[in-house]
Amino acid sequence: MKLLIINVAHKNSDWLQKAENNYLQRLPNHYKLELVTLKPVTQGESEQRLAQEAALVIKHIPKQSIVVCLDEAGLPLTSTDFSKQLRIWHTQGSPVVLVIGSADGLAQTLKESAYALLSLSKMTLPHALARLTLIEQIYRAYTLETGHPYHRV
């Protein structure tokens, strides 16, 4: 399964990096999870910044990818449903790209062109924690798929 997480954020703190690495090291080799962090645009009005960030994000999306944008208005999934959805996307044979926007979110054009919008929570999360949560949920999806006891109901 080829997965790419693109997020527009400042550099993670050491403890967040350690937490991410903890989950990344647990994933098997066939879960090819790549992380791309893009610097937020700081100059201009909000809509201009979002448009510039969207252009940066698009440059990193492989052709024929299934693009899923994280957005507070997106579909809220349980961990089990997320695991099932990842499996469905995987069977389509395309890389899955999960996009986390900057503090201002994502450009409307990027969200409209996405295959799906996904919400991690009704609460607002700091972007670094959103990425960590997403990585953890990918690991949890793997454990659900393999029957590992990590996920308990």
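Residue numbers count from 1 along this sequence. Computed over heavy atoms, backbone and side chain alike; hydrogens, waters and symmetry mates excluded.
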>> Taking the side chain as everything from C-beta on, heavy atoms only, tell me whether L70 gets closer than 4.5 Å to L134.
In response: yes
> Linking I/L/V/M/F/W/Y whenever any side-chain heavy atoms sit under 4.5 Å apart, do L129 and I138 land together?
Replying inline: yes
>> Which heavy atom of L118 sits nearest to which heavy atom of F82, and what is that distance?
In response: CD2-CE1, 3.8 Å
>> With rounding to the nearest 0.5 angstrom, report the CD1 to NE2 distance, I66 to H90.
In response: 10.5 Å
> What do the steps show when you test T37 against R131 for side-chain hydrogen bond (donor to acceptor under 3.5 Å, both in side chains), and what is the final call?
Replying inline: CA-CA 10 Å; T37 302; R131 184 167 104 163; 2.7 Å; yes
>> Quick check: closest heavy atoms across S119 and E72, and the distance to 0.1 Å?
In response: OG-O, 3.8 Å
>> In this structure, would L3 and Y23 fall into the same cluster of hydrophobic residues linked by side-chain contacts under 4.5 Å?
In response: yes
> With hydrophobic residues grouped by side-chain heavy-atom distances under 4.5 Å, do V97 and L117 end up in a single group?
Replying inline: no
> What heavy-atom pair brings E20 and A128 nearest, and what distance separates the two atoms?
Replying inline: OE2-O, 4.5 Å
>> For H127, I'd like to know if atom NE2 has over 12 heavy atoms of other residues, nucleotides or ligands within 6.0 Å.
In response: yes
> Is the distance between the ring centroids of Y31 and Y139 under 6.0 Å?
Replying inline: no
> Shared ILVMFWY cluster between I58 and V41, side chains joined below 4.5 angstrom?
Replying inline: yes
> Which value, rounded to the nearest 0.5 Å, describes the distance between L120 atom CG and D71 atom CG?
Replying inline: 10.5 Å
>> Quiz question: by atom type and distance under 3.5 Å, do the side chains of E112 and Q108 form a donor-acceptor pair?
In response: yes
>> Within the structure provided, determine whether V57 and L38 are in side-chain contact (heavy-atom separation under 4.5 Å).
In response: yes
>> I'd like to know if the side chain of R49 reaches the main chain of G44, judged simply by a donor and an acceptor atom lying under 3.5 Å from each other, with no hydrogens or angles considered.
In response: yes
>> Quick one, V67 with V96, criterion side-chain contact (heavy atoms from CB on, under 4.5 Å). Give me CA distance, side-chain angles, the key distance, then yes/no.
In response: CA-CA 6 Å; V67 178; V96 177; over 6 Å; no
>> Run the side-chain hydrogen bond (donor to acceptor under 3.5 Å, both in side chains) test on S83 and E145 for me, step by step, so that the C-alpha distance in whole Å, both residues' side-chain angles and the decisive distance to 0.1 Å come before the verdict.
In response: CA-CA 7 Å; S83 177; E145 181 181 325; 5.5 Å; no
> If you round to the nearest 0.5 Å, how far is CE of M1 from NE2 of H30?
Replying inline: 6.5 Å
> Taking atom OG1 of T133 and atom CD of Q137, what is their separation to the nearest 0.5 Å?
Replying inline: 7.5 Å
> Should E53 and S102 be marked as a side-chain hydrogen bond (donor to acceptor under 3.5 Å, both in side chains) after you check the CA-CA gap, both sets of side-chain angles, and the distance that decides it?
Replying inline: CA-CA 8 Å; E53 290 170 357; S102 66; 2.7 Å; yes
> So do P28 and Y142 actually touch side chain to side chain, heavy atoms under 4.5 Å?
Replying inline: yes
>> Between L110 and C69, is there a side-chain heavy-atom distance shorter than 4.5 Å?
In response: yes
> Say you draw a straight line from OG1 of T78 to CD of Q85; how long is it, rounded to the nearest 0.5 Å?
Replying inline: 11.0 Å
> So, does S65 use its side chain to make a donor-acceptor pair with the main chain of I61 at under 3.5 Å?
Replying inline: no
>> Contact between I100 and I6 at the side-chain level, heavy atoms closer than 4.5 Å - yes or no?
In response: no
> If you round to the nearest 0.5 Å, how far is CG of L125 from OG of S121?
Replying inline: 5.0 Å
> Should Y150 and E136 count as side-chain neighbours, where that means a heavy-atom distance under 4.5 Å?
Replying inline: yes
>> Main chain of L144, side chain of H148: is a donor-acceptor contact present, judged purely on distance under 3.5 Å?
In response: no
>> Side chains of I5 and V99, heavy atoms from C-beta outward: is any pair under 4.5 Å?
In response: no
> Any side-chain heavy atom of N7 within less than 4.5 Å of one from L35?
Replying inline: no
> Would you say the side-chain atoms of Q48 pair up with the backbone N or O of E45, donor to acceptor, closer than 3.5 Å?
Replying inline: yes
